[in-house]
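Not measured: the values here are computed from a predicted model.
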Amino acid sequence: MSVLEYIVLSFALSIPVMLSLRACAHKNPIRLTQGLAVALLIALVHVLLMLAGLYVGNLLRFDLPEFDNLVYLGLLVAVALRMFFPAFRKKEKELPAYDISRWLTVLLLGIATGTNTLFAGLGLGFLVSWHSDMWRVAIPLAVVLFLLAYLGIMLGRTGKPVRARRWQLIAVLFLLVFAVKGAFFSN
């Protein structure tokens with residue numbers, strides 16, 4: 001897969017994290033310098049979860065392209081569904097907000113929001129090799145997730161309204177395009 005495809009995957013996985021951090025920073029504002037560290041820690045946790053999923057997916061691979069493509073597509077569609085249904089919650093029900101001024105909370109929030117990343121990495125492990133694509137998936141995910149996490153913190157601090165439903169649907173669309181392209185149009 002190309003780096004551009006991994007950038008699309010990175011945006012798809014980073015948008016829900018941005019929305020979650022926006023809600024946290026809106027309820028519990030933190031300094032922007034601390035926000036840099038929070039965004040860096042969350043990006044690091046997500047990259048580690050992606051690489052772990054990629055490694056485990058390589059271990060579980062069937063080495064039969066027909067089955068591997070179906071497992072890959074199934075896992076990415078499951079992640080897309082996990083991202084799709086929260087987009088249609090009631091307007092009066094807000095996203096949960098946590099105190100991101102505590103480092104343990106940030107670490108646990110990174111792990112909790114990283115489950116989609118772990119499953120996407122697991123599915124990706126059925127399609128690509130861990131050795132050849134490790135850096136191609138890690139670097140775009142780290143950069144995009146860091147930038148969008150920091151953007152979420154800045155939006156939350158200023159109280160800027162965002163259309164969370166629209167953002168989540170864009171993330172689901174990006175993820176489904178990545179999944180279909182990888183499953184049906186890969187070499």
Side-chain angles (χ1 to χ4, degrees), residues 1-26 35-36 38-54 57 72-89 95 100 106 109-128 133-158 160-186:
M1 293 199 164
S2 70
V3 175
L4 182 63
E5 293 168 335
Y6 288 131
I7 291 172
V8 170
L9 176 67
S10 299
F11 272 103
L13 296 173
S14 299
I15 288 173
V17 177
M18 177 191 74
L19 296 172
S20 178
L21 284 175
R22 185 220 169 265
C24 292
H26 185 67
L36 283 170
V38 166
L40 185 64
L41 179 63
I42 287 185
L44 179 67
V45 167
H46 277 256
V47 167
L48 291 176
L49 287 171
M50 174 63 87
L51 291 177
L54 190 64
Y72 160 78
L73 184 63
L75 282 169
L76 275 132
V77 166
V79 171
L81 287 174
R82 284 192 64 193
M83 292 167 52
F84 179 75
F85 288 123
F88 291 102
R89 78 178 63 164
L95 284 171
I100 56 174
V106 172
L109 182 65
I111 293 170
T113 58
T115 55
N116 288 343
T117 306
L118 178 69
F119 289 136
L122 184 63
L124 197 57
F126 279 89
L127 196 64
V128 297
D133 283 19
M134 178 177 66
W135 293 110
R136 278 191 269 184
V137 71
I139 292 172
L141 182 65
V143 170
V144 170
L145 190 63
F146 172 74
L147 292 174
L148 285 183
Y150 193 59
L151 176 66
I153 291 170
M154 288 191 300
L155 288 173
R157 283 194 61 207
T158 59
K160 296 281 183 186
V162 295
R163 295 187 172 145
R165 182 177 295 170
R166 185 175 296 170
W167 279 100
Q168 284 186 320
L169 291 177
I170 289 171
V172 169
L173 179 68
F174 279 0
L175 190 61
L176 288 176
V177 165
F178 178 79
V180 168
K181 197 276 178 201
F184 297 117
F185 302 108
S186 64

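Annotation: side chain of Leu124 is in contact with side chain of Tyr72 (closest heavy-atom distance under 4.5 Å). Side-chain atoms of Pro16 and Thr113, non-hydrogen and from C-beta on, never get closer than 4.5 Å to each other. Residues Leu148 and Leu151 are in side-chain contact: their nearest non-hydrogen atoms beyond the backbone lie under 4.5 Å apart.
Minimum heavy-atom separation, Val162 to Leu19: CG2-CD2, 4.0 Å. Closest approach of Leu109 and Cys24 over heavy atoms only: CD2-SG, 4.1 Å. Across every non-hydrogen atom of Val38 and Ile100, the tightest pair is CG2-O, 3.8 Å. Closest approach of Ala171 to Met83, counting heavy atoms only: CB-CE, 3.4 Å. Here the shortest heavy-atom pairing between Ala80 and Leu175 reads N-CD2, 3.6 Å. The two residues Phe146 and Leu36 come nearest to each other via the heavy atoms CE1-O, 3.5 Å.
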Check: Given the rule in the side-chain contact (heavy atoms from CB on, under 4.5 Å) test, do Leu145 and Met50 qualify, once you have shown the distances and angles that lead to the verdict?
Finding: CA-CA 12 Å; Leu145 190 63; Met50 174 63 87; over 6 Å; no

Next item on the list: Just do the side-chain contact (heavy atoms from CB on, under 4.5 Å) check on Val128 and Leu54 with the steps written out, would you?
Entry: CA-CA 8 Å; Val128 297; Leu54 190 64; 3.8 Å; yes

Margin query: If you apply the rule side-chain contact (heavy atoms from CB on, under 4.5 Å), what do you find for Met1 with Leu127, and how did you get there?
Written below: CA-CA 9 Å; Met1 293 199 164; Leu127 196 64; 3.3 Å; yes

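A donor-acceptor pair is defined here as one N or O able to donate and one able to accept, closer than 3.5 Å; such a pair exists between the side chain of Ser14 and the backbone of Ser10. Judged purely by atom type and a 3.5 angstrom limit, Gln168 has no side-chain atom pairing as donor or acceptor with the backbone of Arg165.
Taken to the nearest 0.5 Å, the OG1 atom of Thr117 stands 12.0 Å off from the CD1 atom of Ile111. Leu176 contributes atom CG, which lies 10.5 Å from atom CG of Leu169 (distance to the nearest 0.5 angstrom). The CE atom of Met134 sits 9.0 Å away from atom CD1 of Ile139, with the distance rounded to the nearest 0.5 Å. Interatomic distance, CG of Asn116 versus CG of Leu76, reported as 10.0 Å (0.5 Å rounding). With rounding to the nearest 0.5 Å, the separation of CE in Met18 from CZ in Arg22 is 9.5 Å. Distance check: Phe11 CZ to Leu173 CG gives 14.0 Å after rounding to the nearest 0.5 Å.
Open room surrounds CZ on Phe119; 12 or fewer heavy atoms of other groups in view lie less than 6.0 Å from it.
Of the candidates Leu51, Val47, Leu49, Leu141 forms a side-chain contact (heavy atoms from CB on, under 4.5 Å) with just one, namely Val47.
Note on ring orientation: taking the six-membered ring where Trp is involved, the planes of Tyr6 and Phe178 are tilted (angle from 30° to 60°).
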